[in-house]
There are 2 protein chains.
Amino acid sequence: MRIGELASRAGVSVRSVRYYEEQGLLTSTRSPSGQRHYTDGEVERVAFIQRLYAAGLSSRTIAELLPCVDAPSEEHSDSALERMAQERDRLSAHIADLVRTRDALDALMVTARAYREQLGTALAG
Amino acid sequence: MRIGELASRAGVSVRSVRYYEEQGLLTSTRSPSGQRHYTDGEVERVAFIQRLYAAGLSSRTIAELLPCVDAPSEEHSDSALERMAQERDRLSAHIADLVRTRDALDALMVTARAYREQLGTALAG
DNA sequence: CTAAAACCTCACATTGATGTCAGAGGCAAG
DNA sequence: CTTGCCTCTGACATCAATGTGAGGTTTTAG
């Protein structure tokens, strides 16, 4: 498929797909005229890249981890495994932080609702 | 306390504290010479602002929610409550997404480790 | 008193992923 | 062949929080 279809299937912009390639996260075969062509598998790859971006990984970091996805080998596994563990921990901490913040929002909402209830009662009484 | 102490206690930069004030998230009393002074309570407030930033809320959104923290009243509670619920849901979805990504990383690590084990066995055998 | 350290305002720089535009070429349908 | 849509490269714009530096005042410590 060409870049437009890949982008829409993966739910990203065409611009982003080109950017991923520029960052070395994605490769494409080129038609004689220079247009990029992709296989079905690339859709999942692009989606995964998006997930990693959403998780706060930088292009540089993603570039270090993706070879590990493609083919596990000694060279990758050694340094990449450490990096992966490190990112996993960072992600875990971030998740815990977000959960705490969500709890804080919940508490805030409870307070606000309680105030509303009380106000309603006061007006009715 | 002055801005430097507030910043270091809350774990943010002085620059950021000034920025928060500029965005209407924080107020300060000024000494005759114009220096900002804060109460102990502001430390927690700044830390909370940071949490909200980390949760992906914009200055604008935070500005809409903070009055609700200061004092629950009808005006705030009505629109702010809705906004809060909305942000809470967005946050929940984001957390779920991150957890999925973490799981994917875990799976990747398992694969890499398994490869290593197998490699070690192969070399030993 | 003096020097260092902290503060002030203003303004410009940075970062990183993405948007957008321009000008040119490719490809399928009528 | 032409019309319309897709793609190409390259460059500049954007956004938002934060960094950074200049030039000047205030506070604090010796």
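Order of the sequence lines fixes the chain letters, A, B, ..., with proteins taken first and strands second; residue numbering starts at 1 for each chain.
Atom CZ of B/Arg36 is separated from atom P of D/dT26 by 15 Å (rounded to the nearest Å). We find that CG of A/Leu57 is positioned 14 Å from P of C/dG16, with the value rounded to whole Å. Rounded to whole Å, atom C1' of D/dT25 lies 14 Å from atom CZ of B/Arg30.
Sequence order on DNA chain D of the closest nucleotides to A/Glu5 and B/Arg60 puts A/Glu5 first from the 5' end.
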*Could you go step by step and tell me if B/Asp70 and B/Arg45 meet the salt bridge (Lys or Arg N to Asp or Glu O under 4.0 Å) rule?*
CA-CA 10 Å; B/Asp70 300 333; B/Arg45 185 186 185 91; 2.6 Å; yes
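For the atom pair CZ (A/Arg90) and CG (B/Leu105), the distance works out to 9.5 Å, reported to the nearest 0.5 Å.
Annotation: side chain of B/Tyr53 is in contact with side chain of B/Leu25 (closest heavy-atom distance under 4.5 Å).
Side-chain atoms of B/Thr29 come within 3.5 Å of backbone atoms of B/His37 as a donor-acceptor pair (strictly under, hydrogens ignored).
Of the side-chain N and O atoms in A/Tyr20, one or more sit less than 4.0 angstrom from OP1 or OP2 of C/dT18.
For B/Ser58, the side-chain atoms get nearest to D/dA17 when compared with the rest of D/dC8, C/dC7, D/dA17. Ranking C/dT18, D/dT18, D/dC8 by closeness to the B/Tyr19 side chain, first place goes to D/dT18.
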*Going 5' to 3' along nucleotides 19-26 of chain C, which nucleotides have protein heavy atoms under 4.0 Å from the base (write B), which only from the sugar-phosphate (write S), and which from neither (write -)?*
BB-----S
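Across all strands shown, B/Gln50 has heavy atoms under 4.0 Å from sugar-phosphate atoms exclusively, and none from any base.
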